[in-house]
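The block underneath contains the structure these notes are about, expressed in structure tokens.
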Amino acid sequence: MKIQLSPSRPFNLDFTLCCGQTFRWEKQGDWWYGVVGQAPCKIRQTGKTLAFEGVDAGFVENYFRLDDDLPEIFSRINKDRNIEAAISEFNGLRILRQEPWECLISYICATYKSISAIKGMLANLSRRFGEETRKDTQILYTFPKPAKLAKAGLHELLACGLGYRAKYVSETAKLVRENTLDLERLEKMAYAKAKQELTSLPGVGPKVADCVLLFSLEKLQAFPVDVWIRRAILKYYARYFPKEFVKRLSAQESLSSSGYEKLGSFGREYFGDYAGYAQEYLYHHERMHH
DNA sequence: CAAGTGCCTTTATC
DNA sequence: AGATAAAGGCACT
């Protein structure tokens, strides 16, 4: 199956899958292989043509957010030279519409880890607790369901390389399995309220919550602040903050919750309703040029 | 090659 | 409120 992208609908599959928002897609030759839900699939881009197998066009449109009007979004977030440089270099990078459950566990695992290490952990989790599927010669695994991870022993999770995150994954899986927290419900809630609910989960602080909200729960105003975004703000946007605050931010290793809140609020106020898109472009740009 | 640094942070404690 | 420490282990230099 194929989709033809019109010139007014920029999309870049490689940027989108390489920028660190998702961790389980693998490129073999021209094709990206992955499992979303239960379906193993592959997709490739040749110019303005997207070709895919294993999923239908509706899925592709939805998952890759081809419904987002990127030119319109750019015109809203393009506030200065820095963001403009990022937009022009990585034009076509889109935020994905991921599954909330997988996204949540992924970002609980992602804390204080490098992207390559995160990929390793999630591959281990899926191989050990997911269902084996095949596409061509590729063996791919579905992402384990809440009940499966809730049942997993701590030692098994540790064997996947989760370290201290193992107990957070285990406890969060139990809360989701028991429906103590209904992830689907968060999509309909306002950003602040949904964030508050998410941060009640073990292993979920403001950063993890913002990632889950942005990448899987339709909250495009979420502005996750990680080390790279913090560096980018210090480099390019320091003048929007009191001198004392900038001084503390530069000197300190970790970010306090009030510090996080200040940077996140800045992102939302400065870039507007699509702050999350601005964040992804800044993040990727910063990582590629540091 | 060994050792050091850094990692899309959260939590506990003072 | 704000500072500080601890928490796996892997990848990269």
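Protein chains get the first letters and strands the later ones, always in sequence-line order, with residue 1 at the start of each. On a predicted model such as this, the values are computed, not experimentally measured, just so you know.
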- request: Could you check how far NZ of A:K113 sits from P of B:dC7, rounded to whole Å?
  value: 13 Å

Between [X] and [Y], does any side-chain N to carboxylate O distance fall below 4.0 Å?
| X | Y | answer |
| --- | --- | --- |
| A:E102 | A:R24 | yes |
| A:E286 | A:R231 | no |
| A:E187 | A:R97 | no |
| A:R268 | A:E261 | yes |
| A:E84 | A:K79 | no |
| A:R94 | A:E280 | no |
| A:K27 | A:D14 | yes |

Atom C1', compared across B:dT11 and C:dC10: separation rounded to whole Å: 22 Å

Rounded C1' spacing from B:dC8 to C:dT4 in Å: 22 Å

field: Pairing partner of B:dA12 (Watson-Crick or G-U wobble, both distances under 3.5 Å)
entry: C:dT4

- prompt: Under a 3.5 Å cut-off for both distances, is B:dG4 Watson-Crick or wobble paired, and to whom?
  reply: C:dC12

- line: Span of DNA chain C engaged by chain A, first through last nucleotide within the 4.0 Å heavy-atom cut-off, is C:dG2 to C:dA11

Touch class at under 4.0 angstrom, heavy-atom based, for [X] against every strand present:
| X | value |
| --- | --- |
| A:E253 | nothing |
| A:C109 | nothing |
| A:R231 | sugar-phosphate |
| A:S116 | sugar-phosphate |
| A:R248 | sugar-phosphate |

Below 3.5 Å is the cut-off: list the nitrogen or oxygen pairs between protein and nucleotides 10-14 of chain B, distance only.
residue: B:dT10; atom: OP1; partner: A:G205; partner atom: N; Å: 3.0
residue: B:dT10; atom: OP1; partner: A:G205; partner atom: O; Å: 3.2
residue: B:dT10; atom: OP1; partner: A:K207; partner atom: N; Å: 3.2
residue: B:dT10; atom: OP1; partner: A:V208; partner atom: N; Å: 2.9
residue: B:dT11; atom: OP1; partner: A:G203; partner atom: N; Å: 2.7

message: Whether the A:T142 and A:Q38 side chains hold a donor-acceptor pair (N or O, under 3.5 Å, no angle test) is what I'd like checked.
response: no

task: Name the orientation of the base relative to the sugar in C:dG8: syn if the glycosidic angle is within 90° of 0, else anti.
output: syn

field: Intermediate values then yes/no, side-chain contact (heavy atoms from CB on, under 4.5 Å), A:I105 and A:F143
entry: CA-CA 10 Å; A:I105 296 301; A:F143 193 78; 3.6 Å; yes

